[in-house]
Amino acid sequence: MLQTTYIKENRAELIERLTVRGIDATEMVDQIIELDDKRKSTQADLDSILAESNLIAKEIGALYKQGKADEANAAKAKAGESKEAASGYQEAMASVQESLNQLLYQLPNVPHLSVPNGNSDADNELVSVHGTKPSFAFAPVPHWDLVKTHNLVDFELGVKITGAGFPVYLGKGARLQRSLINFFLDEARDAGYTEIIPPFVVNEASGFGTGQLPDKEGQMYHMAEDNLYMIPTAEVPLTNIFRDVILKEEELPKKLTAYSPCFRREAGSYGKDVKGLNRLHQFDKVEVVQVVAPEKSYEALDSMVAHVTGLLDKLGLHYRVLRLCGGDLGFTSALTYDMEVWSGGQGRWLEVSSVSNFETFQANRLKLRYRKGTDKPQLAHTLNGSALALPRIMAALIENNQTETGINIPEVLHQYTGFKSIEFDA
RNA sequence: GGAGAGUUGGCAGAGUGGUCGAUUGCACUAGUCUUGAAAACUAGCGUACCGAGAGGUACCGAGAGUUCGAAUCUCUCACUCUCCGCCA
């Protein structure tokens, strides 16, 4: 959420920037400013009443010590009055604060100046295209047929055990998956990220901290008996490490990485979007998270994009980098780059990474601050990105590297897989 | 699942219903001393909000209650630890 002081001081600019998302926030912003003014005046009134009550209470104590019970009892009557007045203001205060928070939760982050206008993914800005589009001397087969024919992933078996969207990886399919995880983690470590194995289940406070709650409650699997949520991404536990934390400036930047399975309830659409490995309820991902000083955050964003594109280069995939337009930009993000790989069997682009700078939006809710020397604490900037999401990488690798006799494994993975290709049985 | 103990500032750890937002120690910051450092000594040292400032208000796990007044008493909840049981 945004800070009210920021909203007040930058009212016009804020409204102007939010039009990039296709929303007119004028009314909401003005309500927020009005409510915050009301909050301030209410608090001033309440504080002076409480100050008076505190004073009377102290006097009563002193009177009793002096044995002046009559005067003390007279003072008690006076105290009763101010107590009643205070409770009225207290209720008013709570209700103003509540309405204010409700509005603040609904106001999305301010898009960075470089975010293009637009309503949907069709308006995203193409930043760059890399590698070469694979070409085939035969009709390439989509991955869902390849993995089925060659026993790499069994979707029906997943349905039997759990349900749709929970695939079972088999044999070399499983080993390829595990190899990719190890490759991504090693690369992240080489890039200076500390490896973490976090809990894959989080409590309510963590869900609120990163903004999955209260709005996107339906996207997470919830275990009602213990009131715990299965993580939709390692971003949740990783970022919540810093909830209610004040770091020293010299501790920044914090760079963390973690592998985790990710669980998403999201009711998918139908057809080719969700076919095979394209969209799942459970999938694997390696995530990177950074906490940095505000003046360094766009530098950090660039370095994260470079890290992710480096991975795609090493895997020899044909991919493109997009800058998300206002309409496609996530609620909490100020600037997001998406990486999409070309899927040779499906003939389409697949999103495999999303790298975002949240500036102080996430830190404000998390109360993640840092301190320069002996200054007052101030909000840090947070960033995260997928590096990378496994299933679609797997899909692209299998489709793009298929031959008539097998699937070639990129050289960089050989030391992890222990095999150079998956041969088709004759 | 059963029984018990606990939750106070970065950490440790006091706190009889009334100058307690909180003793003290460690850590940390500055100063004195020293060629420098250590030691010693002196001072400072939680967070948020309101206020131009002086200053005020709130917070002792969370919430409610009793009281003129609650870290302290009562209730509810959460969490942690110990022992037992079960189990990888």
Side-chain angles (χ1 to χ4, degrees), chain A residues 1-9 32-101 103-104 197-209 213-214 222-229 237 240-252 254 261 291 360 363-380:
Chain A
M1 60 199 256
L2 295 170
Q3 299 167 93
T4 48
T5 48
Y6 170 85
I7 294 171
K8 277 184 156 166
E9 285 166 15
I32 286 171
I33 293 173
E34 194 183 318
L35 277 170
D36 192 54
D37 287 340
K38 198 173 163 194
R39 191 202 102 244
K40 283 187 185 183
S41 67
T42 309
Q43 187 180 337
D45 291 342
L46 175 62
D47 281 0
S48 65
I49 290 170
L50 288 175
E52 194 190 339
S53 300
N54 287 344
L55 202 66
I56 295 171
K58 277 184 185 171
E59 280 170 8
I60 292 173
L63 288 170
Y64 272 123
K65 275 188 179 162
Q66 294 164 30
K68 299 177 180 169
D70 290 348
E71 288 180 45
N73 284 329
K76 276 191 193 179
K78 210 168 94 187
E81 284 170 33
S82 72
K83 193 186 175 186
E84 260 180 60
S87 79
Y89 279 103
Q90 244 145 12
E91 276 169 37
M93 186 73 182
S95 102
V96 169
Q97 190 71 61
E98 171 63 21
S99 326
L100 185 57
N101 282 341
L103 285 175
L104 286 171
I197 301 181
F200 299 153
V201 167
V202 295
N203 59 27
E204 210 173 2
S206 292
F208 273 98
L213 297 173
H222 180 223
M223 287 166 281
E225 199 167 359
D226 298 299
N227 197 24
L228 296 172
Y229 296 85
N240 271 285
I241 289 174
F242 302 105
R243 172 154 48 87
D244 291 321
V245 165
I246 300 175
L247 296 162
K248 292 192 186 111
E249 187 184 26
E250 52 273 25
E251 293 179 83
L252 300 177
K254 288 281 189 183
V291 179
T360 59
N364 191 30
R365 211 194 250 210
L366 282 170
K367 298 205 187 71
L368 163 53
R369 291 160 293 174
Y370 77 104
R371 191 197 303 273
K372 283 185 188 174
T374 56
D375 290 0
K376 270 190 68 171
Q378 59 172 304
L379 295 173

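Note that the coordinates shown come from a computational prediction; the quantities given were computed from them, not determined experimentally. Note on naming: letters A, B, ... go to the chains in the order of the sequence lines (proteins, then strands), and numbering restarts at 1 for each one.
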### C1' atoms of G9(B) and G18(B), separation to the nearest Å
23 Å
### Query
Atom CD1 of I56(A) to atom P of U19(B): distance rounded to whole Å?
17 Å
### Contact under 4.0 Å: R39(A) side-chain N or O vs C49(B) OP1/OP2
no
### Query
Using a cut-off of less than 4.0 Å, is there contact between a side-chain N or O of K40(A) and OP1 or OP2 of C50(B)?
yes
### Query
What integer distance in Å separates K376(A):NZ from G46(B):P?
13 Å
### Distance below 4.0 Å between R369(A) side-chain N/O and U47(B) OP1 or OP2
no
### Query
Starting at NZ of K76(A) and ending at C1' of U66(B), how long is that distance when rounded to a whole Å?
13 Å
### Query
If you measure from the C1' atom in G44(B) to the same atom in U57(B), how many Å do you get, rounded?
24 Å
### K8(A), NZ atom: more than 12 neighbouring heavy atoms under 6.0 Å
yes
### Query
Quantified in whole Å, what is the P atom distance between nucleotide G85(B) and nucleotide C75(B)?
31 Å
### Summary
Taking Watson-Crick and G-U wobble contacts under 3.5 angstrom, with | marking pairs to another strand and [ ] crossing pairs, the secondary structure of RNA chain B is written ((((((((.[[[..)..(.....]]].(((((.......))))).(((((....))))).[[[[[..)....]]]]])))))))....
### Query
C50(B), A48(B), G69(B): which one has an atom nearest the side-chain heavy atoms of A44(A)?
C50(B)
### Query
How far does the P atom of C20(B) sit from the matching atom of A27(B), given to the nearest Å?
27 Å
## Note on the structure
The reported gap from OH in Y229(A) to CE in M223(A) (rounded to nearest 0.5 angstrom) is 10.0 Å
### Message
Please find the pair of heavy atoms, one from A85(A) and one from I49(A), that lie closest to each other, and give the distance.
### Response
CB-CD1, 4.1 Å
### Message
Exactly one of R369(A), K254(A), R371(A) should register a side chain to side chain contact (heavy atoms under 4.5 Å, CB included) with L247(A). Which one does?
### Response
K254(A)
#### Entry: Residue R371(A), side-chain heavy atoms: nucleotide from G46(B), C68(B), C49(B) that is nearest
G46(B)
## Note on the structure
The residue, D226(A) or A77(A), whose nearest nucleotide of RNA chain B is more 5′ is A77(A)
### Message
I'd like the P distance from A38(B) over to C28(B), given in whole Å.
### Response
10 Å
### Message
Is it true that S206(A) and N203(A) share a donor-acceptor pair across their side chains at a distance under 3.5 Å?
### Response
yes
### Query
Atom NZ of K58(A) and atom C1' of A70(B): how far apart are they, to the nearest Å?
14 Å
### Task
Show the numbers, then the answer: is there a salt bridge (Lys or Arg N to Asp or Glu O under 4.0 Å) between D36(A) and R39(A)?
CA-CA 5 Å; D36(A) 192 54; R39(A) 191 202 102 244; 2.2 Å; yes
### Query
Between L368(A) (CG) and A48(B) (C1'), how many Å, whole number?
16 Å
### Query
Using the P atom in both, what is the distance from G61(B) to C68(B), to the nearest Å?
25 Å
### Task
Starting at atom CG of L55(A), determine the distance to atom P of G69(B), rounded to an integer number of angstrom.
14 Å
### Query
How long is the line joining CG of L63(A) and C1' of G69(B), in whole Å?
13 Å
### Task
Write down the distance separating the P atoms in A71(B) and A22(B), rounded off to the nearest Å.
12 Å
### Query
Which whole number of Å gives the distance between the C1' atom of C33(B) and that of C41(B)?
9 Å
### Summary
Distance col, row N101(A):CG vs Q97(A):CD, nearest 0.5 angstrom, shows 5.0 Å
#### Entry: Spacing between L100(A) atom CG and C49(B) atom P, to the nearest angstrom
13 Å
### Spatial distance of atom CG (L103(A)) from atom CD (E98(A)) [nearest 0.5 Å]
10.0 Å
### Task
Counting heavy atoms from C-beta on, name the nucleotide in C49(B), U47(B), C68(B) closest to the side chain of I246(A).
U47(B)
### Summary
Note: L104(A) and L2(A) closest approach over all heavy atoms is CD2-O, 3.9 Å
### Task
Output the single nucleotide from G56(B), G69(B), A48(B) whose closest atom is nearest the side chain of Q43(A).
G56(B)
#### Entry: Gap separating the CD atom of E34(A) from the CG atom of L100(A), nearest 0.5 angstrom
11.0 Å
#### Entry: Close approaches to RNA chain B from residues 47-54 of chain A, in residue order (heavy atom, under 4.0 Å)
D47(A), L50(A), A51(A), N54(A)
### Spacing of E59(A) atom CD and E71(A) atom CD [to the nearest 0.5 Å]
10.0 Å
